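Scope of the values below: all heavy atoms of this structure, side chains included, with no hydrogens, waters or symmetry mates. Please read all numbers here as calculations on a predicted model, not as lab measurements.
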Amino acid sequence: MRVKNTLLKSSKVIIILLALCVTCAYSQDKVTSVNKVTAGIDNYYKFYPSEKLSVKLDKPHYFAGDTIWFKTVLINASNRLPSALSNKVYVELLNDSSRLVERLVIPLTNGTGNGNFKLPPQGLTDGAYTIRAYTNWMQNFGEEAFFHKRFYIGDDGKNPWLIKEQHTIKTTPEGKSVALTMQFTDMHNMPLPYKDMQVFLINGGKTVYKQAFLTSDQGDIAANFNLPADVNTRNLKMVVRDGSDKKKTQVFPFYPGATAQSVDVQFMPEGGEIVAGLLNKIAFKAIGDDGLGINISGVVVDGKGAEVATFKSTHNGMGNFRLVPLPNVVYKARINYNGDVKEIPLPAVKASGITLRVDNVTNPSDVKLFVTATPDLAGLSKTYMLIAQGKDSVYLGYAFDLNKGYFNLNIPAGKFATGVISFSILNEAGKPLSERRVFINNNDNLVFKLMPHKIEYQPKDSVAIQIEVLRSDGSPVKNGSFAIAVTDDGQVKLPQYAPTILTGMLLASEIKGYIEEPGWYFNATNANASKALDDLMLTQGWTGFNWDKLAAPIMQPVFRAEMNNDLYGRLINFFKKPVGGAKVTLLSSDKNNLMILDTLSDKEGKFMFPDLPVSDSIAYTIKVHKKNGDAFGGSIMVDEFKPAVAMPVNPHAIMPWFVNTDSTLVRYLKNNTANIKTNAVISAGDVKGQLLDPVTIKAKKILNVKGMDNEDLYYYDVNLEEKDMLKARSKTLLDYLEKDVKGFRTAIGVFKHNGNKVAALIIDGVNAGVFYTPGSPGGYFSYLRGVLTNITAADVKQLVIYHKYLGFLKRGDFYAIIIIKTRGGHGPLTRSTPGIYVYRPLPLYNARQFYKPRYAVDNTYDYSINRSTIHWEPNLITDENGKATLSFYTADKQSTYTLNIEGTDMLGHFGAQTLKIKVDAKPTASK
C-alpha cells in the first residue's frame, strides 16, 4: 500500500484575499504585495533550507568506564523526510567547560546513524557533560540549531563520600538567613562519625562563608549563617573538605532557595506590545536561582496602587493574565512568594498600535485569530498582511484591512502540520508589526502496540516482544526506524517527562532556551497540558522568522552541505590570485581504495573531486602542476571540515550524583565498577562487533634517541598515537599541545608539562636543539615554538611525553622530554613539499554492536550481570505490516525493566512509548 506524506509540502503557498464586504474586492497590487512577501520567504528557504536533528541516548546518566550508546535521526525541516542535505553527523562529547573530549563522525543511511562513546575507567573528570550534534550545513544557522543533551558522568574514585544536604532560607534585615544540615555517609550508606570537615561557600572567586565541623555519631553537621544581601545566589558553590586530608574534597552548586527578591520574572505581551485601550494577553515566566521555573502568584496594580488583574503560574513558573490598560499609566506586578513581596514594572504601554491574539486552546480543532487596532488606526483603509509559516514552510498569505477596528479569522487546525506555527502581521511595506507562535497538535503521532510473549520473566530468560507501529489513522508504519533501550529500574531512574524524538523534532528544535520536562506537554493525562504549552509558546517561543533576512541580499552559505563525499579546493599564487588551468592530481594510498584522479582548476582556481570512497580511515595526496609542467609554488587550499566553535558554558549547574542521591544510583555505581572488571574476561568470540583494545601505560622505551641515555627515562603519562593525532587535522603541533594535551602549558620562556620543565624536544630521533643558532632573534624558546608551529598534528604518527628524574641535582627534580615521530621522518627541519597537500578527512565511525549474552550456548559466565542497560537496539525496522520483533536476555537478578522505544515512520511522524517488564521468579536450574 502506498502511503502519502500527510504534511503540507514545503514552499506550497496558499494566498487568500479577503473582501470585508460582498461588493468590495482587493486590487491587483495588494495581491502582488502578498505574493512578493511569501515569494521572498519561499526564496530564502530555497537557499537556506534547514535540518532538524535528534539524538537518543540509552539512559540519562553515566559513570566512568560506561558506554554511551546513541542513535541520530536527521530530517529536512520543511517536510520532515530524511535529510537530503547531509550524509554525516558530527557528534561531540564536551565537558562542563565546553572542552572537547571526543568527536565522532557518524555516517547516515536514509537519515539515520548510530554510535557510542566508550568512557575510560580512569582519567575522566567527574562532572556535567554535553552531547552536541550537528551537520556541517547546520553551522550556517548557529549554535541554537544544534542538538544538545546535558547529563552527569560520575566517578566514585574522586568522590569519597555521599552527602545528604538540606537547607531553608529566610529574608532578614541582615540579609538571607540559611539553616543548613548535612549528613556524610560512605558508599554503603554507613554514617561517617567524628570526622573533621571544612565547609566553604564560594561566590565566584570570593569566600562568603567558611566553618570547621566535627560530624556527629550519625555523620551529621548543622549550621546557621547569613548571606550578604547582595550575594549572587545563582553563582554559589559549596566546597566540603576533609580536615585531615585536603585531597578529599567535593564541590557542588548551592542554591539557597528563591525568595521573592531573587526570583527573575519576565513579562511578555502576546504579539509583542501592550497597547492602550485594547484587550491584551500578557504571559510571564518566573525563574528561581537554580535557573529552573518556579511557581508564583501576584497582582497587577496601576499607578495609584489599585489592583487591576491577578495572576498565578500554571506550570513551571509560566502563566498569563489579561489586561485592558490605560494610556500613560505605569503598571506594576506584585510578586508574592513564600510570604515575601517584590514589585516589577510591566513593559511600557503603547498609546497606538494593534494587538494579535490567537486561541487554539479553547477548541484545538480550530485556530482563531483576533486582530484589533486603536481608534487612530481604524478606518484608514490600509492593507495589512497575515503570514502563517512553519519551519521552512509558508502556509498562508492573507490580505485584510482594519476599517472596522478589528479583523477576526478562523482556520481549521488541520490545514497545518503538527508543530510550531508562526502568525505574523505586516504592514503594506512588509514591515512586521506583531507576531505570535502557537503549537498545533493534530494528534497524529505514531501509536505503539508492545506485546511481550510472557506476563513475567525469570532471570537469564529469553524475552521476545512483538512490536506494532501504526499511524493515527490506523495504517501500518512500513519501514519505520526505531531505537529501543531496555534499562534496569534497580539502577536507572528514568525522568518521568524526559525529552524524546517527539518533543525534540516538534518543539525543542523550534524555540529557544531550556525546556523543563518537555514530555509533560505531550501527556494526555495532564489536564492543563495544552494551556501550559501555549504559555510556553508565549514566553520561550517569543520570536520566529527574522524578517530582516528578506531585506538583505542572500549571501553564499559559509558552510556547505555535505551531500556526498566530495573534495573541494582552490589554488592561489604568491599574490593571492587564483590559478586557473592547473592540473590537479588526487592519489590515494589506501589499500582498499587505490586510485589516481585528475582534474583542472577553473578560472577562479577552484577544483573538485566528487564521490570519493567512504572509509573509516583514508588519506589522499593532492599534487598540482602548472600548464607548462613546472612545479606549483602557490598554495593549495582545501575546504576541510571546520568544527563548530566552543559552546557557551551552560549557566545552569547539574547537581552531582553524590548529593542527595538514592539507592538506585549508588547501586548503579557499584555494579558499573564491577562490570569494568568483568568485561576484561569477555572473549572476542562472545561479542558481536569489536572489542576496544585495553590500554596499558608502562614505563618503557618507544623510540631510540641518539645521544641520550634512554635507561634514565622514568615514566610517561602521555602516549598519543596516529589515530589520536588525526583528530586534530591541520592544527599546528604547538596549538595542539597547548589546547588539547592535558597538563601542557607555556610559561615565560619555557614549556612545562604537569609542572615539569620541558628539557628536550626530540623529533624522529634527533634533538631539535642541534639546529639552533645561538643569538637568533627571540632566542631558543622562540626557535622551539617555530619548530612546533611548522609541523601539523596530523603529520605526527606518535607523540610521547616522558618525565625524567635528574637525581644529580641537589634537590632532585623531574624534567619532561617530548618525543615525536613524524610521517615523513625528516626530523626537526620537516617542511611541506611545494605543490603537495595531504588531505585526511575525518574518519567515519564504525559503530560497535551492543553485546548480547548467549546463555543458550554457554552458561559458564554471565557477562550481563548487574548491567544497567540490559539491551540497546538502534535500528529496529518495521515490516510491511508495521511489525517487528525485539529479542534479548534478562540478567541474573530479580528486577523491573523499562523498555523505551522512539522513532519515526520516515514520512514526517514521530512517536515514543515505554513498557515495564517484570523479572520476578527465581532462575531455573541449569541443565
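- What you find for E143 and H148 is that their closest heavy atoms are OE2-NE2, 2.6 Å.
- Between the side chain of T112 and the main chain of T109, a donor-acceptor pair closer than 3.5 Å is present.
- Salt bridge absent: D602 and K606 never bring a charged side-chain N and a carboxylate O closer than 4.0 Å.
- With respect to the salt-bridge test (charged N to carboxylate O, under 4.0 angstrom), the residues K52 and E510 qualify.
- Interatomic distance, CG of L57 versus CG of N116, reported as 11.5 Å (0.5 Å rounding).
- With sequence neighbours left out, Y736 forms a side-chain hydrogen bond (donor to acceptor under 3.5 Å, both in side chains) with no residue at all.
- Tested against F70, the residues F147, F117, Y845 include a single ring pair (Phe, Tyr, Trp, His ring centres under 6.0 Å) partner, F117.
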> Going through the distances and angles, do T72 and S54 end up as a side chain to side chain contact (heavy atoms under 4.5 Å, CB included)?
Replying inline: CA-CA 6 Å; T72 64; S54 174; over 6 Å; no
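- Checked by atom type and distance alone, the side chain of S601 pairs as donor or acceptor with a backbone atom of G581 at under 3.5 Å.
- Remark: side-chain polar atoms of D392 are not paired, donor with acceptor, to backbone N or O of Y45 under 3.5 angstrom.
- Remark: S422 OG to Y395 OH distance equals 11.0 Å, nearest 0.5 Å.
- Applying the salt bridge (Lys or Arg N to Asp or Glu O under 4.0 Å) criterion to D905, with sequence neighbours excluded, gives R471.
- S83 contributes no side-chain N or O that, together with a main-chain N or O of I75, makes up a donor-acceptor pair within less than 3.5 Å.
- Put simply, the side chain of T621 never gets that close to the backbone of V838: no donor and acceptor are under 3.5 Å apart.
- For the pair V638 and Y568, the minimum side-chain heavy-atom distance is 4.5 Å or more.
- Considering only heavy atoms from C-beta on, L784 stays 4.5 Å or farther from Y772 through its side chain.
- Note: L119 CG to I68 CD1 = 4.5 Å, rounded to the nearest 0.5 Å.
- The side-chain heavy atoms of F482 and T878, taken from C-beta on, include a pair separated by under 4.5 Å.
- The aromatic rings of F141 and W137 lie perpendicular to each other, with more than 60° between the two planes, well past the 30° mark.
- Across every non-hydrogen atom of A582 and L571, the tightest pair is CB-CD1, 3.7 Å.
- No hydrogens or angles considered: nothing links the side chains of D795 and T822 as a donor-acceptor pair under 3.5 Å.
- Side-chain contact between F632 and N573: absent, with no pair of heavy atoms (C-beta onward) separated by less than 4.5 Å.
- Within the structure, salt bridge (Lys or Arg N to Asp or Glu O under 4.0 Å) contacts touching residues 553-576 (residues at least two apart or in different chains) are R560-D639.
- To the nearest 0.5 Å, atom NZ of residue K56 and atom NZ of residue K149 are 9.5 Å apart.
- Within the 4.5 Å cutoff, side-chain heavy atoms of P49 are placed close to those of L85.
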> Can K642 and N136 be said to form a side chain to side chain donor-acceptor pair (under 3.5 Å), step by step?
Replying inline: CA-CA 8 Å; K642 295 178 179 63; N136 195 50; over 6 Å; no
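- Panel note: side chain Q798, backbone K821; no donor-acceptor pair is recorded below 3.5 Å.
- A heavy-atom distance below 4.5 Å is found between the side chains of L506 and R80.
- For Y134, the side-chain hydrogen bond (donor to acceptor under 3.5 Å, both in side chains) criterion is met by E92, not counting sequence neighbours.
- Not counting sequence neighbours, N95 has no partner by the side-chain hydrogen bond (donor to acceptor under 3.5 Å, both in side chains) test.
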>> Set out, in order, the CA-CA distance, both residues' side-chain angles and the distance that settles ring pair (Phe, Tyr, Trp, His ring centres under 6.0 Å) for F751 and F781, then state yes or no.
In response: CA-CA 8 Å; F751 295 122; F781 179 66; 4.7 Å; yes
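- Within the 4.5 Å cutoff, the side chain of L104 has no heavy atoms near those of the L93 side chain.
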> Hey, mind stepping through K71 and S481 against side chain to side chain donor-acceptor pair (under 3.5 Å) and telling me if it holds?
Replying inline: CA-CA 11 Å; K71 176 181 181 174; S481 180; 2.6 Å; yes
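- Within the 4.5 Å cutoff, the side chain of I636 has heavy atoms near those of the V624 side chain.
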> What's the verdict on salt bridge (charged side-chain N to carboxylate O under 4.0 Å, His left out) for R785 and E738, showing C-alpha distance, side-chain angles and the deciding distance?
Replying inline: CA-CA 11 Å; R785 288 183 64 89; E738 290 180 333; 3.4 Å; yes
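- For the atom pair NZ of K731 and OG1 of T789, the computed distance is 13.5 Å after rounding to the nearest 0.5 Å.
- Of all the heavy atoms in T38 and V394, the pair that sits closest is CG2-CG1, 4.0 Å.
- Summarising the geometry, atom CH2 belonging to W69 is positioned 6.5 Å from atom CZ belonging to F850; distances are rounded to the nearest 0.5 Å.
- Closest approach of G605 to P578, counting heavy atoms only: N-CB, 3.8 Å.
- Listed by chain and residue number, nothing satisfies the side-chain hydrogen bond (donor to acceptor under 3.5 Å, both in side chains) test with T732 (two or more places apart in sequence, or in another chain).
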